[in-house]
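Note that ligands are numbered from 1 as they come in the structure, with each ligand's atoms numbered from 1 the same way. Computed from a prediction, not measured in an experiment: that's the story for all the values here.
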Amino acid sequence: MNCFSTNTLPMFVVLIFVTILQLMNFSSADSRQSFLSIDYYHKTCPQLEGIIQNKVSAMINKDYTMAPSLLRLHFHDCAVRGCDGSILLNHKGSERSAAASKTLRGLEAIQEIKAEVEKHCPKTVSCADILTAAARDATVGMGGPFWEVPFGRKDGRVSTAQEADRLVPMGRENITTLVQFYQARGLTLLDLVILSGAHTIGRSSCGSLQFRLYNFNGTRKPDPSIDVKYLNYLKRKCRWASELVDLDATTPRGFDAAYYTNLQKKMGLLYTDQALYTDPRTEPLVTAMATQPSLFFQQFSVSMVKLGNVQVLTGKREGEIRRNCNFVN
Ligand code: HEM
Ligand SMILES: *[C@@H]1O[C@H](CO)[C@@H](O)[C@H](O)[C@H]1NC(C)=O
Ligand SMILES: *[C@@H]1O[C@H](CO)[C@@H](O)[C@H](O)[C@H]1NC(C)=O
């Protein structure tokens with residue numbers, strides 16, 4: 001029997017387990033992160049974080065749904081060739097044109113922030129760094145935790161739709177596949193559970209979950225891991241694939257730990273969300289976060305920094321500082 005598989009493990013055992021995983025975080029952290037630093041632009045662009053923060057909060061004030069979109073955009077950037085701004089490139093066949101990118105938003109928002117940054121600090125700040133900081137500010141803007149963002153990423157010159165469609169998880173994967181995806185990027189099982197907590201804000205198109213509602217996996221029945229009332233709600237709501245549904249059914253406008261308590265109530269929207277509670281490897285971590293929201297906030301900060309460090313370009317001859325986020329120089 002898997003030693004983590006029972007619901008009845010006392011909470012302190014789970015917490016010790018989480019603490020051990022946290023300690024492992026430090027030893028397995030991507031060594032490239034040491035090339036990034038919090039004061040990277042302190043001399044060359046001291047206003048940078050203020051500019052980004054002002055822009056992001058103005059955008060959220062106008063339309064709060066921009067916050068989750070910016071957070072997701074950063075994830076899609078980091079998922080393919082690391083956090084190198086490759087998602088922003090706008091040429092024929094670039095990542096933006098992938099099926100996996102179809103519902104991405106916020107690309108123009110980053111373009112707008114970059115234009116403002118160029119006015120103050122021309123040819124200095126990478127698009128990848130701007131996107132990373134915008135994702136942090138979007139999180140804070142929704143009531144989530146603050147963390148210091150290490151800077152110094154260069155922008156990549158390569159972006160292909162095929163890679164995005166091959167690499168970016170779409171919500172139908174099993175936990176084994178997701179763990180492998182994260183491991184390949186230096187991220188752990190704990191990072192998987194924590195970063196999925198970003199789905200405490202934002203929406204999904206029905207197209208990403210309709211397969212759960214009627215004929216799940218060829219059974220001619222709905223996915224048994226959905227609560228019946230929630231299932232009926234989703235069936236009513238999802239008449240078109242383009243319809244949007246809140247990822248967090250209870251508190252969609254706030255960044256909080258409700259994502260995890262929803263999973264305990266079989267109210268995870270995506271198959272990959274609910275699977276975190278079904279799978280014995282991740283269930284104890286979901287339970288720990290549902291019980292200890294402050295632990296979720298703390299660890300979200302840690303895991304987001306790790307996400308932002310994935311495969312970053314930092315060497316003198318690696319990448320470039322793009323002048324326009326849509327095009328290589
Ligand atoms: C575990 C792997 C992940 C999978 C399978 C996944 C899958 C998805 C899917 C299918 C959607 C809805 C797309 C649509 O149909 O419109 C979505 C939305 C979203 N994802 Fe993820 N995701 C994952 C990880 C992440 C991570 C790591 C983050 C950020 C740290 C993130 C942040 C978001 C946000 C905020 C939204 C809502 C976007 C909006 O409202 O515009 N996701 N995700
Ligand atoms: C998970 O998904 C992969 C890829 O679709 C598949 O090869 C594998 O058999 C699945 N594993 C489990 C445990 O279902
Ligand atoms: C789908 O069905 C196959 C074959 O019956 C099974 O092995 C697999 O675990 C099922 N996948 C899910 C997600 O239930």
Side-chain angles (χ1 to χ4, degrees), residues 2 59-60 63-80 83 87 98-107 109 131-132 134-136 138-139 141-142 144-145 147 164-185 187-212 217 234 238 240-248 252-255 259 263 268-276 278-282 285-286 296 299-308 310:
N2 187 312
M59 285 165 180
I60 298 177
D63 172 10
Y64 81 94
T65 70
M66 196 46 83
S69 298
L70 287 170
L71 186 53
R72 181 178 182 220
L73 194 58
H74 174 53
F75 170 58
H76 278 235
D77 184 28
C78 300
V80 185
C83 315
I87 191 67
S101 309
K102 211 174 147 203
T103 57
L104 287 180
R105 296 164 71 230
L107 295 141
L131 179 51
T132 308
R136 186 270 314 273
T139 303
M142 296 296 280
W147 62 92
D165 280 329
R166 185 164 50 83
L167 298 174
V168 178
M170 294 293 280
R172 302 182 71 128
E173 297 77 14
N174 58 44
I175 297 296
T176 302
T177 303
L178 292 179
V179 168
Q180 283 166 354
F181 166 85
Y182 275 83
Q183 249 166 16
R185 288 157 183 78
L187 302 170
T188 63
L189 194 69
L190 179 61
D191 297 316
L192 162 64
V193 172
I194 296 295
L195 292 172
S196 298
H199 293 167
T200 177
I201 53 172
R203 299 168 298 179
S204 172
S205 63
C206 286
S208 296
L209 56 112
Q210 268 168 330
F211 74 99
R212 304 183 71 195
N217 202 10
L234 292 176
C238 282
W240 294 277
S242 59
E243 208 76 49
L244 296 172
V245 201
D246 290 325
L247 282 156
D248 173 348
R253 283 183 179 231
F255 193 103
Y259 171 78
L263 299 185
L269 183 63
L270 303 177
Y271 172 72
T272 42
D273 292 327
Q274 198 57 52
L276 295 173
T278 314
D279 193 291
R281 287 168 288 180
T282 43
L285 296 168
V286 170
F296 168 52
Q299 187 59 38
F300 191 75
S301 299
V302 173
S303 294
M304 282 300 289
V305 170
K306 287 179 74 182
L307 176 65
V310 168

Looking at [X], which atoms of ligand 1 are within less than 4.0 Å of one of its heavy atoms?
| X | result |
| --- | --- |
| S208 | 10 (C), 13 (C), 14 (C), 15 (O) |
| G202 | 37 (C), 40 (O) |
| L247 | 18 (C), 19 (C), 36 (C), 37 (C) |
| G171 | 5 (C) |
| M170 | 10 (C) |
| S196 | 1 (C) |
| P169 | 2 (C), 5 (C) |

[X] to ligand 1: N or O pair under 3.5 Å?
| X | result |
| --- | --- |
| T103 | yes |
| S69 | yes |
| R203 | yes |

Is the side chain of [X] donor-acceptor paired with the backbone N or O of [Y] at a distance under 3.5 Å, no angle test?
| X | Y | answer |
| --- | --- | --- |
| D246 | D248 | no |
| Q274 | G268 | yes |
| E173 | G171 | yes |
| R185 | A79 | yes |
| R212 | L269 | yes |

- [ ] Can you see which heavy atom on S303 is nearest to which on D191, and at what distance?
- [x]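 Closest approach of S303 to D191: OG-OD1, 2.7 Å.
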Task: A100 versus V168, closest heavy-atom pair with distance - done: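 Result for this residue pair: CB-CB, 4.1 Å.
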- [ ] Please state whether F181 comes within less than 4.0 angstrom of ligand 1, counting heavy atoms only.
- [x]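 It does not, in that no heavy atom of F181 comes within the 4.0 Å cut-off of ligand 1.
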Open item on the list: Taking a cutoff of less than 4.0 Å between a non-hydrogen atom of the residue and any ligand atom, is T272 in contact with ligand 1?
Closed with: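 Right, T272 reaches ligand 1.
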Task: Residue T177 vicinity, atoms of ligand 2 by number, heavy atom under 4.0 Å - done: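 What qualifies from ligand 2 is 1 (C), 2 (O), 3 (C), 4 (C).
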To the nearest 0.1 Å, how far is [atom] from its closest protein heavy atom, and which atom is that?
| atom | result |
| --- | --- |
| atom 13 (C) of ligand 1 | R72 NH2, 3.3 Å |
| atom 27 (C) of ligand 1 | F75 CD1, 3.3 Å |
| atom 30 (C) of ligand 1 | A198 CB, 3.6 Å |
| atom 35 (C) of ligand 1 | P68 O, 3.2 Å |
| atom 12 (C) of ligand 1 | S204 OG, 3.3 Å |

TODO: Measure the OG1-CD distance between T188 and Q183 for me, rounded to the nearest 0.5 Å.
DONE: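 The distance works out to 8.5 Å.
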Open item on the list: Measuring from atom NE2 of H74 to atom CD1 of I87, what distance do you get when rounded to the nearest 0.5 angstrom?
Closed with: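 It is 12.5 Å, given to the nearest 0.5 Å.
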Open item on the list: Below a 4.0 angstrom heavy-atom separation, can you tell me which part of L270, side chain or backbone, both or neither, approaches ligand 1?
Closed with: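 Answer for L270: side chain.
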Task: ligand 1 versus Y182: contacting region, heavy-atom distance under 4.0 Å - done: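 The part of Y182 near ligand 1 is the side chain, not the backbone.
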- [ ] Verify whether one side chain among T176 and R281 offers a donor that lies under 3.5 Å from an acceptor in the other.
- [x]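 T176 vs R281: donor-acceptor pair found between side chains.
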TODO: Establish, yes or no, whether a centroid distance under 6.0 Å links the rings of Y259 and F296.
DONE: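 Not close enough - the centres of the two rings lie 6.0 Å or further apart.
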Task: Heavy-atom nearest neighbour of atom 33 (C) of ligand 1 within options M142, H199, R105 - done: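 When every heavy atom of M142, H199, R105 is considered, H199 comes closest to atom 33 (C) of ligand 1.
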Task: Flag side-chain contact, heavy atom, 4.5 Å: L73 against S69 - done: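 Not touching, per the 4.5 Å side-chain cut-off.
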Open item on the list: Does the plane of the ring in F300 sit parallel, tilted or perpendicular to the ring in W147? Use 30° and 60° as the thresholds.
Closed with: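 Rings of F300 and W147: perpendicular, over 60°.
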